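Everything quoted here is computed from the prediction, not taken from an experiment.
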Amino acid sequence: MTGGSPYYDPEFDEDDTVEPPRRRIRWFRWLMRGLGLFIILFVIAVIWLAVTAPLSKSLKPLAPPSITLLSAEGKPIARRGAIIAAPVDASNLPKRVTNAFIAIEDRRFYSHWGVDPRGIVRAFLHNSFSGGSLQGASTITQQLAKNAFLDSDRTVTRKLREVLIAFWLEAWLTKDQILSRYLSNVYFGDNVYGLRAAAEHYFSRSPEDLTTGQAAMLAGLVKAPSRLAPTGNLKGARAREAVVVHAMQEAGFLSTAEADAVKPVKLRVHAMKELPSGGYFADWVLPDARDRAGEIVTDETVRTTLDSRLQRAAERAVQRAHLNKAQVAMVVMRPDGRVVAMVGGRNYDKSPFNRAVQARRQPGSTFKLFVYLAALRSGMTPDSIVEDKPVTIGKWSPENAEKRYLGPIPLTRAFAISSNVAAARLTNQVGPGAVIRAARDLGITTPIPDEATIALGTADVSLLELTAAYASIAAGKAPVKPRGLAATDDPDTSWLSKFSGGTRQFDPAVLAGMRKLLAASVDYGTSRGAALSIPTYGKTGTTQDGRDALFIGYAGGLVTGVWMGNDDNTPNPGLFGGGPPARIWRDFMTHALGVSAYRAPVPANDDSDDDSSVEKVIPLDGIHLNKPLEFNGLGLNLRIDRDGSIRIGNQPPPPPAPPPADRQRAPGSGDEGD
């Protein structure tokens, strides 16, 4: 056909339809694309892990911070937190030690890449068709990944992260490095973490010196450390040891003869198990010790202010006291605030509640320290006269013990005999606000009501703060802040102290006046039961029906506060501050300072215009009478008490104070007047 198209096909029929060629599904191409995407995602995941889970974290201990508290002289007094030690190096450990863990935990550890497929299949088949215990498939690398980076949730997401971290660890670390980190972190029961700490704890030896049996027992503990800890379940630990030895034989790490030669091991628990808990003092100082230690990677030691000799003396003084059912607390500190001894109760094991720090109780007449400080600040002196006679302030009418009143007396005398009405008058005169400011300046932080009744100690306060307030008078500056840690620098030179004003010196006249008042209370007042052979300063306090009885004072560079009472605030008939608390204080101070229990009389020519109102006490050691002897004649009144002390005065001394149960207390007052 001429003139036609060169592409004309004479056999082509326009009615015929042409089918397009079929597409071939290229499964291989999609498989490769999927594999590439998986690799990209895996690399991204590894990079993400490198940022969010730094490798160094696998070196850090898994236990809570472990702190050993040292006394002031450097002796361990308490360990709190986990027992940990330095990391181990798997390459330096004997094969019998590392093989024990590999045989029971991950037999193909040196051949897999962090995950053991054969182990997964074995565990799946066992768990699917066995009615017995379940098997795990986690490798040592996975266990390290879980322990160092993850929590214990049993979720698919956590398991996936565990696998990814395991691959990452295998890529960055050698097998020995992974094993070293695992052995340094794994838990062995008894609050012990890491192979070195466990070897020292259970067998008193280093991990390099462990026998095959000892290594097998430790490897067996990893499965259930709390349940199998040999100190509480030696039979179970030995049975598990036998399982590990059999696994070592099956893995080819031990011959049959070597396996048969391994016998049940004996424990030799390290002495650190016997380290005391530190009791009340350790509980109080531990939060500050942790703050100072910061991030702890091994067993951290923190030196405290506790004096072991003084602590023993305080505990013995409490043990020697006749407490009946009452509780007791004691705080001993230096004038600069260093707490050197603390007793928070009769028995820490039975009651760890720290009554020296945590309890808030009425202080009774010990609170009068702030009343008289406010009075001296207002311009009064120890010689200033105050009326010791009934008074009504608003609707409040305080009363003295036995309703005995002396009329106009100097402040020194009023403080010594602990006159309630005199304290109430002074508070009303200077204003409750001035008394509150005095308490705040000396470190009292608890709420204080703005009313005159605070004169008799109606505001609750802790023994620790109250003792520190008395330490301010001993130190000559305020406030004195109680502390239980050895100072790393001068606390008064820190920028925070400078910014907040730090401590302030007392006015010399005010300080001398306060010390004179405190000395008078011991010389011839309610605190006579605490008198020592050296200058002694202090004040008693008793609340209604003997619910609280206190004595706080200082001598020879020690400031000591003693409290007695019941936890439920029930009455203690016959208990008053000048009784058992003062005697406990005196017993402790005589042993702590090496002094005798009485002091020579101090002239009190400034106590009143008439010295005849003052008792003078002369001690006669070793004399004990069944009853007091009195001699009256020639204008001289003489009395020999049962303890042998002679009291001389130109008028009969005031009768001995009856027990608090017989005393009268005005409504709303907080003190019985001792």
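Taking 4.5 Å as the limit, every side-chain heavy atom of Leu70 sits out of range of all side-chain heavy atoms of Lys75. In this structure, Leu179 and Ile102 have side chains that are in contact, with non-hydrogen atoms separated by less than 4.5 Å. The shortest side-chain heavy-atom distance between Leu144 and Ile178 falls under the 4.5 Å cut-off. The shortest distance between side-chain heavy atoms of Gln143 and Asp106 does not fall below 4.5 Å. Side-chain atoms of Val357 and Tyr280, non-hydrogen and from C-beta on, never get closer than 4.5 Å to each other. Inter-residue side-chain proximity for Met342 and Leu306 is flagged as unmet; no heavy-atom pair is nearer than 4.5 Å. Proximity of Val88 to Val97: side-chain heavy atoms (C-beta onward) are nowhere separated by under 4.5 Å. Contact check for His201 versus Phe188: no side-chain heavy atoms found under the 4.5 Å cut-off.
The side-chain hydrogen bond (donor to acceptor under 3.5 Å, both in side chains) search around Thr141 returns Glu170, not counting sequence neighbours. Remark: Ser462 engages Arg360, Leu464, Glu465 in a side chain to side chain contact (heavy atoms under 4.5 Å, CB included) (not counting sequence neighbours). Scored by the side chain to side chain contact (heavy atoms under 4.5 Å, CB included) test, Ser180 finds Asp89, Ala90 as partners (sequence neighbours excluded). Annotation: ring-ring contact (aromatic ring centres under 6.0 Å, His included) contacts of Tyr187 (sequence neighbours excluded): Tyr193. In terms of the salt bridge (charged side-chain N to carboxylate O under 4.0 Å, His left out) criterion, Asp209 has no residue partners (sequence neighbours excluded). Looking at residues two or more places apart in sequence or on another chain, you find no side-chain hydrogen bond (donor to acceptor under 3.5 Å, both in side chains) involving Arg346. Not counting sequence neighbours, Arg96 has no partner by the salt bridge (charged side-chain N to carboxylate O under 4.0 Å, His left out) test. For the side-chain hydrogen bond (donor to acceptor under 3.5 Å, both in side chains) test, residues two or more places apart in sequence or in another chain that qualify with Thr256 are Gln249. For the salt bridge (charged side-chain N to carboxylate O under 4.0 Å, His left out) test, no residue two or more places apart in sequence or in another chain qualifies with Arg309. Judged as a side-chain hydrogen bond (donor to acceptor under 3.5 Å, both in side chains), and not counting sequence neighbours, Ser226 has no contacts.
Annotation for Asp283 and Pro287: closest pair O-CD, 3.6 Å, computed over non-hydrogen atoms. Residues Ala341 and Ala314 approach most closely at CB-CB, 4.2 Å, considering heavy atoms. Of all the heavy atoms in Ser206 and Arg196, the pair that sits closest is CB-NH1, 4.5 Å. The heavy-atom pair separating Ala237 from Pro230 by the smallest distance is CB-CB, 3.8 Å. Shortest non-hydrogen contact noted between Glu73 and Asp307 is OE1-CA, 4.1 Å. Contact record, Leu558 with Arg334: CD2-NH1, 3.2 Å, taken as the closest heavy-atom pair.
Here the straight-line distance linking atom CZ of Phe101 with atom CG of Leu218 works out to 5.5 Å at 0.5 Å rounding. Put simply, OG1 on Thr212 and CE on Met217 are 13.5 Å apart, with the number rounded to the nearest 0.5 Å. Rounding to the nearest 0.5 angstrom, the gap separating the CD1 atom in Ile104 from the NE2 atom in His246 is 9.5 Å. Here the straight-line distance linking atom CD1 of Ile84 with atom CG of Asn185 works out to 9.5 Å at 0.5 Å rounding. Note: Asp288 CG to Leu485 CG = 5.5 Å, rounded to the nearest 0.5 Å. Taken from CZ in Arg483 to OG1 in Thr304, the straight-line distance is 11.0 Å, to the nearest 0.5 Å.
At least one donor-acceptor pair under 3.5 Å links the side chain of Gln142 to the backbone N or O of Thr139. No donor-acceptor pair closer than 3.5 Å links the side chain of Ser71 to the backbone N or O of Ile77. The main-chain N or O of Asn354 is found under 3.5 Å from a side-chain atom of Gln358 such that the two form a donor-acceptor pair. Between the side chain of Asn191 and the backbone N or O of Ile83, no donor-acceptor pair lies under 3.5 Å.
With respect to Pro207, the side-chain contact (heavy atoms from CB on, under 4.5 Å) criterion is satisfied by exactly one of Thr98, Asn92, Leu183, Leu195: Leu195.
Of the N and O atoms on the side chains of Asp176 and Ser91, not one donor lies less than 3.5 Å from an acceptor on the other residue.
Within the structure, the salt bridge (charged side-chain N to carboxylate O under 4.0 Å, His left out) test picks out the following pairs touching residues 235-253 (sequence neighbours left out): Arg107-Glu250. Sequence neighbours left out, the pairs with a member in residues 558-568 that pass side-chain hydrogen bond (donor to acceptor under 3.5 Å, both in side chains) are Arg355-Asp567, Asp548-Trp563, Asn566-Thr570, Asn566-Asn572, Asp568-Thr570.
Geometric assessment of Lys175 against the ring of Phe109 yields a positive cation-pi assignment under the 6.0 Å and 45° thresholds.
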side-chain contact (heavy atoms from CB on, under 4.5 Å) assessment of Met564 paired with Gln327: CA-CA 6 Å; Met564 285 184 63; Gln327 276 290 352; over 6 Å; no
Could you go step by step and tell me if Val302 and Ile67 meet the side-chain contact (heavy atoms from CB on, under 4.5 Å) rule? CA-CA 7 Å; Val302 178; Ile67 298 179; 4.0 Å; yes
Met248 and Val262: side-chain contact (heavy atoms from CB on, under 4.5 Å), yes or no, with the steps? CA-CA 11 Å; Met248 294 176 71; Val262 178; over 6 Å; no
Test log, rule side-chain contact (heavy atoms from CB on, under 4.5 Å), inputs Trp284 and Val331: CA-CA 12 Å; Trp284 171 62; Val331 174; over 6 Å; no
